[in-house]
Amino acid sequence: MIDIQLVRDHSDEVIQRLKIRNFDAADIVNKLKEADMLRRQSQKELDDTLAEGNELARKIGELFKSGRGAEAAELKEQSATLKKQAKQLQEQLEVSAQEVDTLITQLPNLPHKSVPAGNSEADNLIVFEEGIVPESDDNALPHWELARKFDLIDFEAGTKITGSGFPVYMGKGARLQRALISFFLDQAVQAGYKEVQPPLLVNEASAYGTGQLPDKDGQMYYVGADKLYLIPTSEVPVTNILRDSILGEDELPVKYTAYSVCFRREAGSYGKDVRGLNRLHQFDKVEIVQVTNPEKSYQALDDMVAHVSGLLQKLELPYRITRLCGGDLGFASALTYDMEVFSAAQKRWLEVSSISNFETFQSQRMKLRYKTSTGKNVFAHTLNGSALALPRIMAALLENNQQPLGVNVPAVLRPYTGFDLIE
RNA sequence: GGAGAGGUGGCCGAGUGGUCGAAGGCGCACGCCUGGAAAGCGUGUAUCCGUCACAAGCGGAUCAAGGGUUCGAAUCCCUUUCUCUCCGCCA
């Protein structure tokens, strides 16, 4: 969530900046200011009443000790009324605090100054493009046909076992998948990220911490019997490792990488965009996460983009980088770069990574702070990015490297796959 | 899933109704001491909210979480949760 102090002091700026997202915050902000004022007023009244009660209790204690029971009894009556008052004020405070909370969690993060205005994907800014985009070849097979031809993925079996969007990787397909995971993890570790293996189910507090709740309830699979959510990305468990903690400044930046399976309900999606591996309910992903000083977070973001660029270069995939426009920006993000690879047969760009700086949006929610050298506790910045999401990388590798005899495996992966050609 | 024990500050650990945010120790920081260090000595060392200048000061809250008893609770009662031990089940 955004800093309440910003709403108090610079509400106009908050409203202005959220316009970049096409988000009209005026109403919420005004209500929020009012609720905040009410909350503070309630707090004050409650504190004063409690202070009075404490004072009274002290007096009664003294009277008891000096054996003046009668006087104490009188004061007890006062205490009873104070207590009733306090209880009322307490309830009032809870209501207004709840109101503040409800309102502030409705506000998305403030976009960074470099975020372009726009409504949709189409308005995203292409900031970089590299690699040779394969020439239009109408004989090129889409990956789902290659997958069938070489027995790499059994979509039908997945549908039978579970439902659509749960493919079964077979043979060299499974091996290629495992190779990619190992390659990505090794690369991340080499770049200084600590490898972690997180739980795949998280509780409500964790889902709230990274911003999936309350915003994206319904996009996650929910295990009602235990009140747990299947993770849509390992960002959730990994970032929450540091929930409710105060780090030393010398511990920053924290850099984690994790491989995990990810689950997304993707309710309502259909059509050719979801063919094959393009959009799944279950998929694999290697994630990188950083927690940094506020001053260093944008440098960290650039480093993460460079890291992912390096992966795509090593895989010899043509890619481009877009800066998301306000309308396409995720709820919690201040600035996001999407990485897209070109798939030769589908002849379109596929998003394979999304790298974001959340500034303090997540850390405010999960109370992730660090102690500055001056001894002050401040919220850290959190960032994360896919490095990388597997299915579309797999799709692009298959489509772009297809030959009459089979599919070539990029050189960097061969030590991991143990084969050069899928035939 | 069943039975029992327990969750106190960065850590260990006292504290069974009264001035306890909490003894003591360790750790850490600073100072003294030293050629330097160790030892020793001294001082300090939680978080959040409100007031206010996001200062000082003052007030409030926090001893797993929530509720209750009481003038007053870390201390008593209830619920939840987590950890440990034993049993059951199981990769």
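What you see is a predicted model, and the numbers here were worked out from it, not measured in a lab. Per chain, numbering begins at 1; letters A, B, ... match sequence-line order.
If you check B:G57 for Watson-Crick or wobble pairing at under 3.5 angstrom, you find it paired to B:U51. B:G40 is paired with B:C32 under the criterion used here, namely a Watson-Crick or G-U wobble arrangement in which both key atom distances are under 3.5 Å. In this structure, B:U69 forms no base pair with any nucleotide, since neither Watson-Crick nor G-U wobble geometry is met with both distances under 3.5 Å.
Remark: the separation of the P atoms in B:U16 and B:G31 is 40 Å, to the nearest Å. Annotation: B:U47 and B:C33 have their P atoms spaced 31 Å apart (nearest Å). With both ends at atom P, the span from B:G7 to B:C12 equals 12 Å, rounded to whole Å. Nucleotides B:A74 and B:A65 have their P atoms positioned 12 Å apart, rounded to a whole Å. One P atom belongs to B:G25, the other to B:G13, and the distance between them is 16 Å to the nearest Å. The gap from the P atom of B:G24 to that of B:U45 amounts to 13 Å, rounded to the nearest Å. One P atom belongs to B:U75, the other to B:A61, and the distance between them is 15 Å to the nearest Å. Nucleotides B:C78 and B:G40, compared at atom P, are 47 Å apart to the nearest Å.
Applying the 4.0 Å criterion to OP1 and OP2 of B:G50, one finds that A:R39 has a side-chain N or O inside that range. Look at A:K84 and you won't find any side-chain N or O under 4.0 angstrom from OP1 or OP2 of B:C71. Between A:K44 and B:C49 there is no side-chain polar atom (N or O) within less than 4.0 angstrom of OP1 or OP2. Between A:R40 and B:G59 there is no side-chain polar atom (N or O) within less than 4.0 angstrom of OP1 or OP2. Between B:G72 and A:N54, no contact under 4.0 Å exists linking OP1 or OP2 to a side-chain N or O. Applying the 4.0 Å criterion to OP1 and OP2 of B:U47, one finds that A:K371 has a side-chain N or O inside that range. Residue A:R369 places at least one side-chain N or O under 4.0 Å from the OP1 or OP2 atom of B:C48.
Between the A:S79 side chain and the A:L75 main chain, no donor and acceptor come within less than 3.5 Å of each other. Remark: the backbone N or O of A:N293 is not paired with any side-chain donor or acceptor of A:H381 at under 3.5 angstrom. Not one N or O on the side chain of A:Q212 forms a donor-acceptor pair closer than 3.5 Å with the backbone of A:V236.
Residue-level contact check: A:L46 touches neither bases nor backbone, having no heavy atom under 4.0 Å from any strand.
For the side-chain contact (heavy atoms from CB on, under 4.5 Å) test with A:Y298, the passing option among A:T292, A:D303, A:N357 is A:N357; the others fail.
Between the P atom of B:G50 and the CD atom of A:E52 lies a distance of 22 Å, rounded to the nearest Å.
Counting atom types as modelled, A:D47 pairs no side-chain N or O with a base atom of B:G60 as donor and acceptor under 3.5 Å.
A:F263 contributes atom CZ, which lies 9.0 Å from atom OH of A:Y221 (distance to the nearest 0.5 angstrom).
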